[in-house]
Amino acid sequence: MDAIAILQQLDQECNTWANQHAHSCNLLASLLNITRQREQTLVQLQQQQQQEQQRSVSNTQPASSLVPLTPSSTSKPALVAVKSLLQLIHKQTLEIESVVQQLYDTVAVFQRVVQAMVQLERQVEAAIERIEPSKLLATIHASPPSSSSSLSPSSTPKKSYAFEPSLVETAEIAPLDVLDWVARIRAMYTQELNLKQAQIHPGMTALERFESLADLQRSWGLQKQIDFGLEQEIVERIKAYRRVREFSSRT
């Protein structure tokens, strides 16, 4: 089993998620902006309709009123304004629906990333099943003695062995460690995916206030289910292995 190749592929899937997540954050910012604009347009429409109602009431005044009635000159501009606002609201609604659809597409990419991680986990499990138990146990590096025990006066001298692992062998990653990393990464991205799937829904297109979207934007960007420190640990381990191999090839 090529542990480095598997971890590199895992890292690539994490990068794909990160790129899509950045794109989705931009989409949410656009959604928030358009929703805010539509909310303002709805307020303008309501005000315009109220003014039109007031004009209709004033046009019903008695003929003896000192102010001459000119219904055609007062109602026509108001109707044009209402029609323009309705058209603008329709356009803004279509834009919101388009952004929400793009968010659905982004979630679909998240799903493919998680599915790729699941396949990687199964691949590692299958590879481990083909390894003989004795060889599998041999790949588990023993933990080094603690500094306190090595400095203890009562400690006995360690026997020297004829065989000592090379630098490359020491830097190699045990199959069980690979499985542990892949499983943990897959699990946390699955949890984050489930959360994001619950946050994106068709009803978002009907929202008339943007406060709830602002809360969604903050929650979406945090990605609380993902431990980025674990990802960095894997990246550093890959870098360390490459440095050791490069150094060994020169000696």
Side-chain angles (χ1 to χ4, degrees), residues 1-35 95-131 171-205 207 212-243:
M1 181 182 69
D2 191 341
I4 297 300
I6 290 175
L7 293 180
Q8 285 177 333
Q9 186 175 349
L10 181 65
D11 184 53
Q12 289 176 1
E13 296 301 337
C14 292
N15 289 335
T16 300
W17 178 291
N19 293 334
Q20 286 298 314
H21 183 261
H23 176 59
S24 67
C25 288
N26 291 334
L27 290 175
L28 281 173
S30 298
L31 183 62
L32 188 66
N33 184 49
I34 300 171
T35 303
E95 292 176 351
I96 291 175
E97 291 176 350
S98 174
V99 174
V100 171
Q101 182 57 52
Q102 293 179 66
L103 284 172
Y104 273 118
D105 295 339
T106 301
V107 171
V109 176
F110 291 156
Q111 290 175 323
R112 289 194 291 271
V113 168
V114 171
Q115 186 59 36
M117 292 178 177
V118 171
Q119 294 298 328
L120 268 181
E121 186 177 2
R122 292 174 180 173
Q123 179 181 341
V124 176
E125 289 174 342
I128 289 177
E129 290 177 356
R130 293 191 295 267
I131 301 176
E172 285 181 349
I173 305 174
L176 292 179
D177 290 337
V178 175
L179 178 59
D180 177 65
W181 272 332
V182 173
R184 291 165 64 187
I185 291 289
R186 188 270 311 156
M188 66 186 189
Y189 274 94
T190 299
Q191 293 175 356
E192 185 66 27
L193 172 62
N194 293 336
L195 178 61
K196 288 188 177 335
Q197 286 176 321
Q199 291 175 318
I200 301 299
H201 54 86
M204 295 174 63
T205 60
L207 292 177
S212 57
L213 285 178
D215 293 338
L216 169 60
Q217 185 184 36
R218 287 189 291 269
S219 174
W220 186 278
L222 291 177
Q223 300 196 102
K224 292 183 179 180
Q225 305 301 323
I226 299 178
D227 180 6
F228 296 103
L230 178 60
E231 293 183 16
Q232 188 62 32
E233 180 182 346
I234 296 174
V235 172
E236 293 300 326
R237 188 65 180 272
I238 294 174
K239 290 180 179 179
Y241 180 79
R242 287 175 172 173
R243 286 194 296 266

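In terms of heavy atoms, Thr106 sits closest to Gln20 at CG2-O, 3.6 Å. Here the shortest heavy-atom pairing between Leu27 and Val99 reads O-CG1, 3.4 Å. The two residues Val113 and Glu13 come nearest to each other via the heavy atoms CG1-O, 3.5 Å. Looking at every heavy atom in both residues, Gly221 comes nearest to Cys25 through CA-SG, 4.4 Å. A pairwise comparison of heavy atoms in Ile185 and Cys14 identifies CG2-SG, 4.0 Å as the closest pair. Closest of all the heavy-atom pairs between Leu179 and Glu125 is CD1-CG, 3.6 Å.
Glu192 places a side-chain N or O within donor-acceptor distance of the main-chain N or O of Gln225, the cut-off being under 3.5 Å. The closest donor-acceptor contact from the side chain of Ser219 to the backbone of Asp215 lies at 3.5 Å or more, if one exists at all. A donor-acceptor pair under 3.5 Å links the side-chain atoms of Lys196 to the main chain of Trp220, judged by distance alone.
Here the rule is side-chain contact (heavy atoms from CB on, under 4.5 Å) with Pro175, and of Ile128, Ile6, Asp180, Val124 only Ile128 fits it.
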Exercise. Test Arg186 against Leu120 for side chain to side chain contact (heavy atoms under 4.5 Å, CB included), laying out the working first.
Key: CA-CA 9 Å; Arg186 188 270 311 156; Leu120 268 181; over 6 Å; no
Practice problem: Go through the steps to decide whether Gln223 and Ile226 satisfy the test side chain to side chain contact (heavy atoms under 4.5 Å, CB included), and finish with yes or no. | Solution: CA-CA 6 Å; Gln223 300 196 102; Ile226 299 178; 3.5 Å; yes
Exercise. Show your working on side chain to side chain contact (heavy atoms under 4.5 Å, CB included) between Thr35 and Leu32 and close with a plain yes or no.
Key: CA-CA 5 Å; Thr35 303; Leu32 188 66; 5.8 Å; no
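Between atom CZ of residue Arg184 and atom CG of residue Leu230 there is a gap of 4.5 Å, rounded to the nearest 0.5 Å. To the nearest 0.5 angstrom, Asp11 atom CG is 11.0 Å from Ile4 atom CD1. To the nearest 0.5 Å, the span separating CG on Asn33 from CG on Leu213 amounts to 11.5 Å. To the nearest 0.5 angstrom, His23 atom NE2 is 7.5 Å from Asn26 atom CG. Distance check, rounded to the nearest 0.5 Å: CD of Gln101 to CD1 of Ile200 gives 11.5 Å. To the nearest 0.5 Å, atom CG of residue Leu222 and atom CZ of residue Arg218 are 9.5 Å apart.
Relative orientation of the Trp17 and Phe110 rings is parallel, given thresholds of 30° and 60° on the angle between their planes.
Using a 3.5 Å distance cut-off with no hydrogens or angles, the side chains of Gln232 and Glu236 do pair a donor with an acceptor.
For the pair Glu231/Ile234, no side-chain contact is recorded, criterion being any heavy-atom separation below 4.5 Å from C-beta on. Arg237 is not listed as a side-chain neighbour of Leu7, based on a closest heavy-atom distance of 4.5 Å or more. Contact check for Arg243 versus Lys239: side-chain heavy atoms found under the 4.5 Å cut-off. Leu31 places a side-chain heavy atom less than 4.5 Å from the side chain of Leu28.
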